[in-house]
Amino acid sequence: MPMGSRLGASPEMIERNMSLMLLLIVEKTGPDEHETQRRLAGTDAKEIQRFYEHYCKKNLVDGLKTKKPEEMARHYQIASVLYDVLKTVTPEKFHAEFDIYAKEVEKEKASFSHYNILPLNISGQRQPVMEIPEIKAAVDLLRKIDGLPMPRLDPVSAEKETDVPTVRDLFDWLWLTFGFQKGNVENQKEHLILLLANIDMRKGANAYQSDRHNHVMHSDTVRSLMRKIFENYISWCRYLHLESNIKIPNDASTQQPEILYIGLYLLIWGEASNVRFMPECICYIFHHMARDLYDIISDRRQDFDPPFRREGSDDAFLQLVIQPIYSVMKQEAAMNKRGRTSHSKWRNYDDLNEYFWSKRCFKQLKWPMDSAADFFAVPLKIKTEEHHDRVITRRRIPKTNFVEVRTFLHLFRSFDRMWAFFILAFQAMVIVAWSPSGLPSAIFDPTVFRNVLTIFITAAFLNFLQATLEIILNWKAWRSLECSQMIRYILKFVVAVAWLIILPTTYMSSIQNSTGLIKFFSSWIGNLQSESIYNFAVALYMLPNIFSALFFIFLPFRRVLERSNSRIIRFFLWWTQPKLYVARGMYEDTCSLLKYTLFWILLLICKLAFSFYVEIYPLVGPTRTIMFLGRGQYAWHEFFPYLQHNLGVVITVWAPIVMVYFMDTQIWYAIFSTICGGVNGAFSRLGEIRTLGMLRSRFEAIPIAFGKHLVPGHDSQPKRHEHEEDKINKFSDIWNAFIHSLREEDLISNRERNLLIVPSSMGDTTVFQWPPFLLASKIPIALDMANSVKKRDEELRKRINQDPYTYYAVVECYQTLFSILDSLIVEQSDKKVVDRIHDRIEDSIRRQSLVKEFRLDELPQLSAKFDKLLNLLLRTDEDIEPIKTQIANLLQDIMEIITQDIMKNGQGILKDENRNNQLFANINLDSVKDKTWKEKCVRLQLLLTTKESAIYVPTNLDARRRITFFANSLFMKMPKAPQVRSMMSFSVLTPYFKEEVLFSAEDLYKKNEDGISILFYLRKIYPDEWKNFLERIEFQPTDEESLKTKMDEIRPWASYRGQTLTRTVRGMMYYRRALEIQCIQDKTDIVKLEHRRTVESSQQGWASFDMARAIADIKFTYVVSCQVYGMQKTSKDPKDKACYLNILNLMLMYPSLRVAYIDEVEAPAGNGTTEKTYYSVLVKGGEKYDEEIYRIKLPGKPTDIGEGKPENQNHAIVFTRGEALQAIDMNQDNYLEEAFKMRNVLEEFESEKYGKRKPTILGLREHIFTGSVSSLAWFMSNQETSFVTIGQRVLANPLNFYGPSFIDRHH
């Protein structure tokens, strides 16, 4: 039955309702206003068709060249919806031409899909980012597909002519060849273009090119990227003695093969999901696929059959390669039982990855991978299956190399050398202290020395214990160990047993032949045959340690041996360590090793000397006395009644000393690391500025230090020093941005902001305009000086020049006052009056008669009048006419005070016979609306009226800490900052689960068990910030209820003071703001350079803000991995829905923010049921809602394997960009002033001072912002300072490895 009949409605009514729906859709999606006013007749099908045709023509055809890509994407989406409505409304009157036209719309709609950073597939208006020469060169390089054979289409696609895919670039070719997903292809395509462009920018960083539109990529750009990306693969091939499958055809005239290999690896990595935690497994996959790629591109055929194909699906690679490996990992993870199962019973990522450290993976796994291989066996010890009437027994591949057994015996096994050293040293010191003299020189006594030699017997016992533990703790891994490793463990045990027998036996036989220390060494040279057999045994026992010491000294030789893949060298090193792929030759340079060794030698000398003289030696005498005392009679129970020589008492006395002996090494390390860290920090100039007083005294040097480190140079400029004015101007921009960020965060008040900023009206005075907090109270002091000087100008000048800031303040006030008067005066007669006064003052200063010709004690009266004048000038919100009259009257009073009260001979200055009107009757107040002019008035008023010293500005402790830290850091030794376009690109990745995003009103007012709400608590611990916040929003609450009217402002304020995602996102987006500011500064330098060269610039848009944003886009990416964002989006739970809306608002607030999440979709299965399919999705903020950019299908739920946080980061890491990556937790923050130094930090990766061993991890210092909340937080804050700031200066160089670390993601 038709729906209309069943519902009791006519077809005409349905048509009318659909037409109304069409209007609602158009109005909701937002077409032009005159289109929404069109009225469609409910039964007029032709009108609906005309509307559809008109809409498509106006917005899709005519708007192609004028509208932005985002608008075009929206119009194509609307047109698609309109077509569906049209087809539903008029099915019988539908024309075929609309069907054809709609197919064209759908085809073009794909070209205007939402993009991430680069609008690669969008035609029409070019975006600024696509005008960057390096981006265009990288795109052109990827689109060179000439000479490539084309893959044959599968039969399903061949039947549909409209579904035939087009190959526009090399990634499209790889997509059709190897069956990657389209979302993965588009994602990695943009990734590679940005990588190539950024690397090319650095290689041609300062090269001046007259025609940048024809930019050609640097020849070494692709090769350097290949070296980084394939470094691990090449090392893996050498380790397994394989030939690399990265082969470039001999007739290759372009870099097309190199791009194909890089693209293939990135596509494998981008779709690997959890397999990304197994780098050598990815090497195995790439090794075989690279061979297939070479076979295809080296063949001369026109077409070929793709090696990966699944009919009707674009996830062939995922299903055929990744899915089987993922299934193995999922089965192993299921055996874990959420951490309740022993590690020895299941395989983790490392265990599975180590399977690819030997050539047996090629024999067993093969390619294409054999599903019957033992690697894919289910986690059962034995499984049998029927296969062609045969019973095949498959054994699960066990763990390799190492099986973790949880036991406290690891305390000895893992630190056996440390335990052995301290035990042997303790034994030797006790023997020496027990000697008659008890002094260290007693070791030269033959008897004492003979007793000291017993430490080698103790060492043999400890070695035997270590060898025994090696066998016991590795017993569960024996069935998976190679035969050579088993033999090694057994031989080590046999040798340890042999020495445990030989050394005591030879010692007992040598007691009668005692020797002294001098005789011991001389006898080796003189007569070896007379030496005791024990000495020979000791020498032989020490021989391996002697060789180890030699290798330790000659570090480069040891590094070469360990990294060697030669079978002969590996055979000789077999005894020391098993053959492993990782951790080979991981040593610092010789100089660093010697410094580190010297550090521990000095530490141990002090520790052992203290232990001997303070702990052991003073206890020997009392111990002897106790041992030779007779046994006493005890009234109570005696614990050790049968021990001779009171050994129970001796043990009781010595036990605490022994414990302190083993534990005080940590104390000595803390002392030495503090000393060395302090010395290192002093040489690195880390303590230049520690207080506000030091900041004031050194502020003049801060712009110079800023220009030295944070202002990039331009090699294309002529050889000269940059003007100091340029450096100061750049410093002013950065400093003011820093101060304004403090005000935005409510750490300072409006008055403190005005006292701290450097004025933007630079150049109005002959002296540099320092921040007012340096000049505060200087004018009142200068007025007192002027009042006390009655005789000579020289005395006044000398007193003013004693303090440079007083001189700066006086000159600036004097010149600024005349500048303001000049801007107010209109009439020429009035200007003559001011000019006469100015000339009279200048003449008196030149003749040094100012004190004689002016009554300087009247200056305070003049200062008060100027204060009133400035107050009126700043009252711009009121009516101008009444203010105008008051200003004129004040100007008249000021002139009278100057000419009659201050100037001794100034009575005739105001007289003018030709004056027709009153003095200052006509004034100009147009300047009052100018922001710069108003800043000048505010600054002048601060200088005139601030009588107290600003030494306590700012008052907020956190603001003080940040200002002093930023100023201090400018004096540190750091690499010089490059231009923004030449810096290393980087990304920030933040994992998020269900933590707080933004405090709700209910959260803020909800009281805990003590009756305290979050808002009340925050107001009490941050009272000054709350006061500054109310001042910023210009609101004074009358009661608690009135605060609820400002909840939209209060919620972010409270959230910025909690551990919320909103705070983290704001902090990370400071990186982008800093880059935009610095990029504009760099572009200003380029424009000045072009003008100096008198060459017309070919980059007319480079100085624009749009281009600065484009450069920031390709240099910085921020991705928040909101794992359950998709679930929160569809959830009906109010809290989840609120989290979704808050995250959406963050994306709308920060357009460059990207959110990645795991989407769970119910998909139909082949047997008629449904199954869950998982996708990794990237979205960004649109006009009102989020917009999907990429969608990549996953082999399963990532969080079913491993732990939540790393899996959450892993699925989103494919959406990050750049060469460096910073992993930030969602409870961390960032500051704008620190973001300005990011260019310097990233230069450490490429610094030449490290030679070939450049750092791959850079750590940054952390500040615990909750340190003032509680005593526990204070302790954790101090712990961070101790371990990171002090300790890591000793252990790590260039920076510490802790906290918000940067990693070179391609190493």
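In summary, the aromatic rings of Tyr1231 and Tyr1070 are positioned with their centroids too far apart to meet the 6.0 Å limit.
Between Lys1115 and Glu1219 no salt bridge is recorded (no basic side-chain N to carboxylate O distance below 4.0 Å). Using a 4.0 Å cut-off between charged side-chain N and carboxylate O, Lys1180 and Glu1188 make no salt bridge. Ion pairing between Asp220 and Arg227 holds under the 4.0 Å rule for side-chain N and carboxylate O. Salt bridge Glu231/Lys228: absent, no basic N to carboxylate O contact under 4.0 Å. Here Asp1186 does not pair with Arg1154 in a salt bridge; the nearest charged N to carboxylate O distance is not below 4.0 Å. No salt bridge links Glu1244 with Lys1237; every basic N to acidic carboxylate O contact stays at or beyond 4.0 Å. Classification of Glu1234 and Arg962 as a salt-bridged pair fails, no side-chain N sitting under 4.0 Å from a carboxylate O. Electrostatic pairing of Asp1082 and Arg1239 counts as a salt bridge here, judged by a charged N lying under 4.0 Å from a carboxylate O. Ion pairing between Arg1063 and Asp1229 holds under the 4.0 Å rule for side-chain N and carboxylate O.
Between the side chain of Thr221 and the backbone N or O of Ile199 there is no donor-acceptor pair closer than 3.5 Å. Distance alone, capped at 3.5 Å, is enough to place a donor-acceptor pair between the Lys976 side chain and the Lys708 backbone.
At a cut-off of 3.5 Å, with distance as the only test, a side-chain donor of Tyr1118 or Thr990 sits close to an acceptor on the other residue.
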Point to revise | Stepwise ring pair (Phe, Tyr, Trp, His ring centres under 6.0 Å) check, Phe966 with Phe1236 | key: CA-CA 10 Å; Phe966 174 70; Phe1236 286 124; 7.2 Å; no
